[in-house]
Amino acid sequence: MSQEGSGSAINSYNDVEKKGGELGGGHHVSVDPAQDVYYDPSKEKFLTRLGFNFESFKRAPGTTRGLVSHGDIPPEYLQHDNPLLQQKMKPRHLQMIAVGGSIGTGLFVGSGSALGNGGPAGILLAWIIMGVMLINVTQALGEMAILYPVSGGFYTLASRMLDPAFAFAMGWNYVLQWAVVLPLEITVAGSTVQYWVPLAAWITIFMIVIIIASAFGTLGYAEEEFWSSCLKLLVVVLYIIIGIVCICGGGPAGGDFDTYQGARLWHESPGAFPNGFKGVCAVFVTAAFSFAGTELVGLAATETPNPRKTMPSAVKNTFWRITLIYITSLTIVGLTIRSDDPDLYNGSGSDISPFVILMDRARIRGLNHLINLTICISVLSIGLSCVYAGSRTLTALAETGYAPKIFTYVDKSGRPLWSLVAILVFAPIAYINCADVGSDVFDWLVALSGLSTLITWLSICVTHIRFRKAWKVQGHSTEELPFKAMGGAYGSWLGATLIVIILIAQFYIALFPIGGVESAGERAESFFIAYLAAPVMILFYAVGFAWKRTLPKKAHEVDLDTGRKSWLTVEDMRAYRAERAAAPLYIRIYRMLFSN
């Protein structure tokens, strides 16, 4: 067996893909029957690999063993935990999922209502706090996902390092979140382009588009994310450039921005914080929604061949997305649109987008339609992310015994077939919005999973803290880690603390919303719409505990070996890092900022 990390091998930095079941002189290791069979999809017909013939829907006979391993792997772990999902995702896919994957209505549309609640300073403060938290979350996730690119990502790691019952609750809540968001996003997409034909017709069209894209499996999701992220980044960059020109008074003659604007909106009434502390608390909800899906890179790690090479740049790109895209564009929003602007409240969909409002006010023709198109594509992109994230987590739940075994079915094209169907079944709920009570029904559906994203991020931080503890207790050094989180365990403590503070802020704003409430009934409704996910999470945990009767694991009991793909020693890693430290300064700076 070839290896990486010792002697002359460290100089060539060869990544060896472990295939088959042989070690050295032919020692065969038997683990799980499904994983004990090597399946080579390249021998299948093109249409089978693409997923467009009857053969492609048949169950994959075994794992492709497409995940690259590093170092001397003990024989008993050589074949174990190679997921049946195929490693079709390329580095460019992972980078764009990290940079532009979660950019959507939260930024393009939701930033308008956030501006009205928090003011120009409030939205910046809330997004910066969320950004600091999320940078620590993605750093922790990257450290674990590179070492353990297992099916189910953070769900599987939480089950292993925290408590299976808690992971059961978090996993099912996460599946429910994406299953409910799918019809919501389809409805929003239909509302954005509701011209010429009824909303129901657009819902049908967008539903068919998502089903077709999902039929292409991982590759369909990855390619769609790549190109839609390119478009979103282009539009955001155009908006930032145009916004800077408008603030400086360079807008077209006759528009609102043909004279110098500067920071006057921060000083004029209603000011930088129109609703004070309560307004900032209200913005956290929108900020969390706008960042939802950032954790998908952790799920995608198992479907890319070599996470050790591709994941570090994806994780570090999250920092640049937060600083260069969100913070910069929100600064432009706060400098160009008043927080009490009536256009932020009169309308729906893209009509209340501060991006569209700026183009209309500046009298820049055509770009408002490009932004509308981008919002529509962004919504469809998030809809496809719903299918991807929900189906992969449901498959992992089944693999760990917390969902029916039928959801472990992965076909020859690498699709978790029945998990895909289970999530897509929720799509027709979008038609409820065609009825008069549609919006009320959707408010309560979304409330079922309203805190799911924050709970997931909190679990990632806590899982990382427990991982670091177990890693130390079991005699390992952090020098063995192929990628180390920027703040280590302290970064995860900071991230977890910020999430708890945000949850308290949401609790406060749920009881005492901006503008107040007229009756106890309205207060109760406001609270449960914001916090209904909490009792749902508790219910899931109770079911998981009653089913499996598991307790949180002690540090010395945590399994640190199954699914591990880096077995390099401290000496191996020191030699590797010493070699990279000898690179020219500009290369070292690039690696520090964008790579590993």
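We number each residue from 1, following the sequence as shown.
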State whether the side chain of Gln95 and the backbone N or O of Pro91 hold a donor-acceptor pair below 3.5 Å, judged by distance alone.
yes
Say you draw a straight line from CD1 of Ile332 to CD1 of Ile244; how long is it, rounded to the nearest 0.5 Å?
5.0 Å
Students often mix this up, so state it plainly: with edges at 30° and 60°, are the rings of Trp178 and Tyr174 parallel, tilted or perpendicular?
perpendicular
Glu185 (side chain) donor-acceptor with Ile382 (main chain) under 3.5 angstrom:
no
Cation-pi, Phe226 ring and Arg92 (6.0 angstrom, 45 degrees)
yes
Mind checking whether Phe291 and Tyr326 have parallel, tilted or perpendicular rings, split at 30° and 60°?
tilted
Nearest 0.5 angstrom please: Asp343 CG to Ile337 CD1, how far?
8.5 Å
Does Tyr221 have its ring centroid less than 6.0 Å away from the ring centroid of Phe216?
no
Residue pair Pro149 / Leu67: nearest heavy atoms and the distance that separates them
O-CD1, 3.6 Å
Whether Phe108 and Phe355 hold their rings parallel, tilted or perpendicular, with breakpoints at 30° and 60°:
perpendicular
Mind checking whether Leu85 and Pro416 have side chains closer than 4.5 Å, heavy atoms only?
yes
What I'd like to find out is whether the side chain of Phe483 reaches to under 4.5 Å of the side chain of Met311, using heavy atoms alone.
no
Report the distance from atom CH2 of Trp227 to atom CG of Leu231, rounding to the nearest 0.5 Å.
11.0 Å
Residue pair Gln177 / Thr453, side-chain donor-acceptor N/O under 3.5 Å
yes
Distance-only polar pair, side chains of Thr302 and Arg392, donor-acceptor under 3.5 Å
no
Determine, stepwise, if the pair Asp258 / Arg363 fulfils salt bridge (charged side-chain N to carboxylate O under 4.0 Å, His left out).
CA-CA 10 Å; Asp258 57 356; Arg363 298 190 180 181; over 6 Å; no
Taking all non-hydrogen atoms of both residues, which atom of Cys461 and which atom of Ile499 are closest, and how far apart?
SG-CD1, 4.4 Å
